[in-house]
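Side chains included, hydrogens not; waters and symmetry mates left out as well; all remaining heavy atoms used. Counting convention: from 1, in listed order, for ligands and their atoms alike.
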Amino acid sequence: MRTASIARDDLFAPAMLPLVEDAQGGARYWPGFVDPATARRWFEALASGADWRQARRPMYDRIVDVPRLLAGYSVVALPDALPLAEMLARVRARVPAPFNAIGLNFYRDGRDSVAMHGDKLHALREGHPIALVSLGAPRRMLIRSTADHADRIAVDLAPGSLLCMSHAMQTSHEHGIPKTRHAAPRISVVFRVHPGEPSPA
Ligand SMILES: O=C(O)CCC(=O)C(=O)O
Ligand SMILES: [Fe+2]
């Protein structure tokens, strides 16, 4: 397993780290996408102001809580009280895609997680990437090849970082945030291009 971990104050840290290569840009990671004060301000505003909900899903013969809180917004109806329009503009300046949907995940502690998965292709417009901003405490993401699970990368997603994953990678690879012993709260904000929704100009 390769591990991509970069200290925030590492003067020699690269601005962008390629994690996976493919014809659509693969996975690229910007550890210092925004400054720490901005990342803190975004975290506080979203933690207290987003419309968090506890989703439930069937697992075998039971209904269980999804192990994290979720929120979601269309970019045509962003609440003024949240910094999502500002975040969208910053993300689009780095990753120019017509993002029209924003999904948020709240990992309250180390027990919250997301299982290894590829994002659902029917919910993504062909050819467009996914951009993911991390806020709050760092958490480790695992990325592995769907064909060869031993081919794995671990990246410690830092607050204020941006991870961009190609559309093609949602079938060639899986990603997830495993449970961990100790973790302070983290929010991830995921920008996607949904097929059925209007896109901004
Ligand atoms: O929280 C993360 O960094 C990953 C979230 C994710 O994979 C998803 O929302 O599909
Ligand atoms: Fe995902």
Side-chain angles (χ1 to χ4, degrees), residues 3-6 17 19-20 22 24-34 39 42-43 46-47 50-57 65-75 84 87-88 91 94-95 97 99-125 128-146 149 152-180 183-195 197:
T3 301
S5 177
I6 300 173
L17 205 64
L19 300 177
V20 173
D22 70 24
Q24 298 181 352
R28 289 168 293 158
Y29 177 57
W30 288 266
F33 171 59
V34 295
W42 287 352
F43 176 85
L46 294 170
D51 195 8
W52 298 109
R53 63 177 192 275
Q54 174 66 68
R56 294 168 65 73
R57 64 178 172 85
D65 282 353
V66 169
R68 62 192 183 284
L69 302 179
L70 304 175
Y73 299 92
S74 161
V75 302
L84 294 171
M87 294 181 73
L88 175 66
V91 167
R94 183 62 56 85
V95 180
F99 297 114
N100 57 15
I102 307 179
L104 292 88
N105 299 286
F106 197 136
Y107 302 83
R108 294 157 290 185
D109 58 32
R111 286 168 296 189
D112 277 352
S113 62
V114 63
M116 297 302 289
H117 67 281
D119 284 16
K120 292 187 194 75
L121 287 183
H122 66 77
L124 297 173
R125 203 181 299 164
H128 290 300
I130 294 161
L132 188 155
V133 175
S134 291
L135 305 170
R139 284 290 292 262
R140 174 161 287 202
M141 174 180 274
L142 299 181
I143 300 175
R144 71 182 181 198
S145 155
T146 312
H149 283 185
R152 297 203 299 168
I153 306 161
V155 53
D156 293 323
L157 294 174
S161 70
L162 175 69
L163 175 71
C164 179
M165 287 188 280
S166 70
H167 187 269
M169 251 193 77
Q170 303 312 311
T171 39
S172 67
H173 289 74
E174 296 175 325
H175 58 275
I177 305 281
K179 294 184 196 306
T180 182
R186 166 179 185 259
I187 291 173
S188 64
V189 184
V190 191
F191 297 80
R192 298 188 178 87
V193 185
H194 280 183
E197 283 183 64

For this session: Provide the closest heavy-atom pair for Met169 versus Ala27 in the form atom of the first, atom of the second, distance.
Result: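 Closest heavy-atom pair between Met169 and Ala27: SD-CB, 3.5 Å.
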Would you confirm whether [X], through its side chain, and [Y], through its main-chain N or O, come within 3.5 Å as a donor-acceptor pair?
X	Y	result
His175	Arg144	no
Tyr29	Ser161	no
Arg68	Ser113	yes
Asp119	Gln170	no
Thr146	Ser172	yes

For this session: Just say parallel, tilted or perpendicular for the rings of Trp42 and Phe33, cut-offs at 30° and 60°.
Result: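 Answer is tilted, since the angle falls between 30° and 60°.
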Problem set entry | Sub-4.0 Å heavy-atom approach of His117 to ligand 1 |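 So His117 counts as touching ligand 1.
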For ligand 1, which atoms, with element, lie under 4.0 Å from some heavy atom of [X]?
X	answer
Tyr107	1 (O), 2 (C), 4 (C), 5 (C)
Met141	3 (O), 4 (C)
Leu157	3 (O)

Region of [X] that comes within reach of ligand 1 [heavy atoms, distance under 4.0 Å]:
X	answer
Asp119	side chain
Arg186	side chain
Arg192	side chain

Exercise. Heavy atoms, side chains only, cut-off 4.5 Å: are Trp30 and Val95 in contact?
Worked result: yes
Problem set entry | Student check: side-chain heavy atoms of His167 and Leu121 closer than 4.5 Å | yes
For this session: Using 2.8 Å as the cut-off, note every protein N, O or S atom close to the Fe ion (ligand 2).
Result: His117 NE2, Asp119 OD1, His175 NE2
Exercise. Which residue owns the protein heavy atom closest to atom 5 (C) of ligand 1, what's the atom, and how far is it?
Worked result: Asn105 ND2, 3.5 Å
For this session: Run through Ile153, Val20, Asp22 and flag the one making a side-chain contact (heavy atoms from CB on, under 4.5 Å) with His173.
Result: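 Between His173 and the candidates, side-chain contact (heavy atoms from CB on, under 4.5 Å) is satisfied uniquely by Val20.
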